[in-house]
Amino acid sequence: MSVPLSSSKQSTVFLLRLCLLKPQTSAIPYYPLHRHLSTEPNPPPQDEESLINEAVQLFQVLEDGNSSSTQLHQLLFSSSSPSSPGIFRQITRRLASSSQALEFFDYIRSNSPSRELTSLSFTFQAIFELASREPDPQNKLLELYRTSKERNIPLTVNGATLLVRCLGRAERVDEALAVVDELDPSLKNTHFYNVVVALLFRSGRIVKALNMLDEMLQPGADCPPNDITGDVVFAALSRREWCGRSISDKEIVGKKMIGLAWDVLHDVMKAGGTLEAASCNALLTGLGRDGDFERMNTLMTEMKEMDIQPNVVTFGILINHMCKSRRVDEALEVFEKMKGVSGLSVEPDVITYNTLIDGLCKVGRQEEGLTLMDQMRSENKCMPNTVTYNCLIDGFCKAGEIERAQELFDQMNKERVFPNVITLNTLVDGMCRHGRITSAVQFFDEMRSKGLKGNAVTFTTLIKAFCNVNNIDKAMELFSQMSKDGCSPDAIVYYTLISGLSQAGRMDDASSVVSMLKEAGFCLDIVCYNVLIGGFCRKNKLDKAYEMLKEMEQAGVKSDSVTYNTLISYLSKTGNFATAHRVMRMMIKDGLVPTVVTYGALIHAYCLNGKIEEAMKIFRDMSSSSKVPPNNVIYNILIDSLCKKNEVELALSLMEEMKAKGVSPNVTTYNAMLKGLRENNLLEKAFDLMDRMVEQACNPDYITMEVLTEWLPAVGETGKLKNFVQGYEVSVSTA
DNA sequence: CTAGGGTTAG
């Protein structure tokens, strides 16, 4: 039964479909729109049928030079000929080829100049249809499209649809979009929009696709979305990798998608449609991705009100997002609740457990994670899998308990839970981070011999580790090894290596890696440019740094505040203050705001150049304008410089100011201050600071200890030094 | 549900 629905109902159908993860039969009758969109006209009545056949035959012989033109003319254009509106289109459809059809079209036009435009449009559509079934349809259609424009024949919606679909298939998206713009907006129908939106999503033009969808949803528009539209949007929504977009774009688009889905779901609710947990789960996932806890909560409440049973996935989403925001105890509460509250219990599955175990490990509660693994076995006969072990191994690695991690690795092997590349990478990373690079490489080799190969992540981890210990040669060796191992480097591998080389001052090597990166088809991003600019500056190669800036401009990569700060820091450190200030003005002109780092760079450089008054001036400036309040790095620079200039009183007053403004001192602050106090033998002040350090649990470092052990015993204050050290031992034992 | 990346002032 096909009952025409009001447009609001039709959009409900769309909304409902949009919200369902799996297609389901809708409770609301669905009007088969496609029947109205079909390009097949109704079969002609019998008398017309014979007229059409006759005309087709006459036209074909006319081509051969016969003089049947009068006959044809009479058949088609005499006052007695029963020309129904679609008659020419019918004839055109039956001609042998699109080129013949075009001739026929011109024939009618020259014989019936008063022919109305719509009729001609439909006839031309028939030519498009013929061409689309012939060889090389894309070029033929484009050619015909040009012809139609030359002859001033407007497109029909189906003609346009055909063109868009055909061009889209040939990935000639821009040409397809030109067709879209060409079509009379009032002709656009649902089918047309569906084809266009699908094409836009497919070609990654998400924003444009969403705008199109908005057009469809406009109250006045006569093209309500149907289930196909829903399918198209859903396919796009679940496709996570929207390649080639920047993060901010992704966010905007994601928000718009979520917003659409949110409205959709609520329209369904208002319309009294039936919803399943799966629909809500899809939306919850999106909201979670957005970090929108508020609306997640609202939705959960609404689910309850509407008697929609949450399932294990629903709880999984909630638990996951609580864990991800480090609210593990709340996650555990939800976990307990799902198991047995108000009669309807939902059994946790291995994913639920893994999520929680990971959450616990990520906040350093890996022992509890281990307990939970035991619990899943015993309480739920739910066996741990590779992911379970990976989470726990990572937890113990991050805690520096590499042996425990290795024990878990052995245990999983014994239980025949097979390690995968993530297990490998997790252990390799853990070893590297805790100074066991050699073991990491050994383990990597061992696994490879057993058939577990590494991937780009493994190599990134090792390359970074070797760069960190300044073993650049080994890092480069690994980089060349990876291609030999049949593992192609991704952008992250290149970035890591470029950064390591730049940090090590090996700018020639860094440049050659940049060339390789480009050869591999990757691009430098802003961070990578900043890394390189910083590297060139440190090597005093300002010309190279400027080359990078030029290249950035050509590549359309905008400088950010880090870029400017890097330059300002270099310029001012080399005494080039005038240029530094000029660059700062450029920065502002460029729409960027000087940050605390910008001021820090200038202040530091003024201090280094002995211009402490200039430094103080900037410092007072930033304090008063207070848009950029000084942080402890700024104070540390000044305190250190003042102490070195023997202006200890001034330094002490800055420390008081820090206290008043709630900027916490750190070990660097205390070290600078204590050195200054030692120079002036201001013992009482030093004791005061030492007490403050203990109070604030600010751990002394080797510099602190050096200063104090050289100073206090020499002035007979060994007791104070002992107390100071003990203060930390006490706080360690109470912790 | 699990693994890897880089930058600027002390």
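By convention in this document, chain letters (A, B, ...) are assigned in the order of the sequence lines, proteins followed by strands, and residues within each chain are numbered from 1. Just so you know, these numbers come straight off a predicted model, no measurement behind them.
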Worksheet item: Of all residues at least two apart in sequence or in a different chain, which pass the ring-ring contact (aromatic ring centres under 6.0 Å, His included) check with A:F444?
Response: A:F459

Worksheet entry | Spacing between A:D560 atom CG and B:dT7 atom P, to the nearest angstrom | 13 Å

Item to complete: For the side chain of A:K398, starting at C-beta, report the closest nucleotide among B:dA9, B:dG4, B:dC1.
Response: B:dG4

Discussion item. Categorize A:V597 for me: base, sugar-phosphate, or nothing, with a 4.0 angstrom heavy-atom threshold over every strand shown.
Written reply: base

Worksheet item: Should the pair A:E679-A:K644 be classified as a salt bridge under the 4.0 Å nitrogen-to-oxygen rule?
Response: no

Worksheet item: What are the residues of residues 476-503 of chain A, sorted by number, that bring a heavy atom to within less than 4.0 Å of DNA chain B?
Response: A:D490, A:I492, A:V493, A:Y495, A:T496, A:S499, A:Q503

Item to complete: Report yes if a donor N or O on one partner sits less than 3.5 Å from an acceptor N or O on the other, where the partners are the side chain of A:N636 and the base of B:dA9; otherwise report no.
Response: no

Discussion item. Does anything in residues 455-469 of chain A come within less than 4.0 Å of DNA chain B? Heavy atoms only, and list the residues if so.
Written reply: A:N455, A:A456, A:V457, A:T460, A:T461, A:K464

Worksheet item: With sequence neighbours left out, which residue pairs that include part of residues 358-370 of chain A fulfil the salt bridge (Lys or Arg N to Asp or Glu O under 4.0 Å) condition?
Response: A:D329-A:R365, A:D358-A:K362, A:R365-A:E368, A:E367-A:R404

Discussion item. Suppose the criterion is ring pair (Phe, Tyr, Trp, His ring centres under 6.0 Å): which pairs have a residue in residues 385-425 of chain A, not counting sequence neighbours?
Written reply: A:F409-A:F443

Practice prompt. Whole angstrom is fine here: how far is it from CE in A:M552 over to C1' in B:dT7?
Written response: 11 Å

Worksheet item: Expressed in angstrom and rounded to an integer, what is the separation of A:F444 atom CZ from B:dG4 atom C1'?
Response: 13 Å

Practice prompt. Name the nucleic acid region contacted by A:V428, choosing base, sugar-phosphate or nothing; use a 4.0 angstrom heavy-atom cut-off, strictly under.
Written response: nothing

Worksheet item: Touch check for A:N631, heavy atoms < 4.0 angstrom, all strands: base, sugar-phosphate only, or nothing?
Response: base

Worksheet item: Nearest-Å distance, CG (A:N530) to C1' (B:dG5)?
Response: 14 Å

Discussion item. Please report the distance, rounded to the nearest Å, between CG in A:N390 and P in B:dG4.
Written reply: 11 Å

Discussion item. Taking salt bridge (charged side-chain N to carboxylate O under 4.0 Å, His left out) as the definition, give me every residue that meets it alongside A:R678, ordered by chain and number, with sequence neighbours left out.
Written reply: A:E710

Practice prompt. Rounded to the nearest angstrom, tell me the gap between atom CD1 in A:I526 and atom P in B:dG6.
Written response: 16 Å

Item to complete: Please list all pairs passing the ring pair (Phe, Tyr, Trp, His ring centres under 6.0 Å) test where one or both residues lie in residues 507-541 of chain A, with sequence neighbours left out.
Response: A:Y494-A:F522

Worksheet item: What nucleotide, of B:dG10, B:dG6, B:dT7, holds the atom closest to the side chain of A:D525?
Response: B:dG6

Discussion item. What's the separation between atom SG in A:C323 and atom CG in A:L356, rounded to the nearest 0.5 Å?
Written reply: 5.0 Å

Discussion item. Any base atoms under 4.0 Å from A:C528, or only sugar-phosphate, or nothing? Heavy atoms, all strands.
Written reply: base

Response to the item:
Here the residues of residues 350-363 of chain A within 4.0 Å heavy-atom distance, strictly under, of DNA chain B are A:I351, A:N354, A:T355, A:D358, A:K362

Practice prompt. Return the nearest nucleotide to the side chain of A:T566; candidates are B:dT8, B:dG10, B:dA3.
Written response: B:dT8

Worksheet item: How would you list, by chain and number, every residue that makes a side-chain hydrogen bond (donor to acceptor under 3.5 Å, both in side chains) with A:T355, sequence neighbours excluded?
Response: none

Discussion item. I need the A:L284 CG to A:F315 CZ distance, nearest 0.5 Å.
Written reply: 11.0 Å

Fill in: Partner residues of A:K453 under the salt bridge (charged side-chain N to carboxylate O under 4.0 Å, His left out) criterion, sequence neighbours left out
none

Worksheet item: Can you pull the salt bridge (Lys or Arg N to Asp or Glu O under 4.0 Å) pairs that have at least one residue in residues 435-444 of chain A, sequence neighbours excluded?
Response: A:E403-A:R436

Worksheet item: How many Å lie between NZ on A:K558 and C1' on B:dT7, as a whole number?
Response: 18 Å

Practice prompt. Quickly work out the A:D429 CG to B:dT2 C1' distance and round it to whole Å.
Written response: 13 Å

Discussion item. Using a 3.5 Å distance criterion without hydrogens, assess whether the side chain of A:N609 forms a donor-acceptor pair with backbone atoms of A:K611.
Written reply: no

Fill in: salt bridge (Lys or Arg N to Asp or Glu O under 4.0 Å) contacts touching residues 422-432 of chain A (sequence neighbours left out)
A:D429-A:R433

Fill in: Closest to the A:N320 side chain, choosing from B:dC1, B:dT2, B:dG5
B:dC1

Practice prompt. Would you please confirm or rule out a distance under 4.0 Å between OP1 or OP2 of B:dT2 and any side-chain N or O of A:T426?
Written response: no

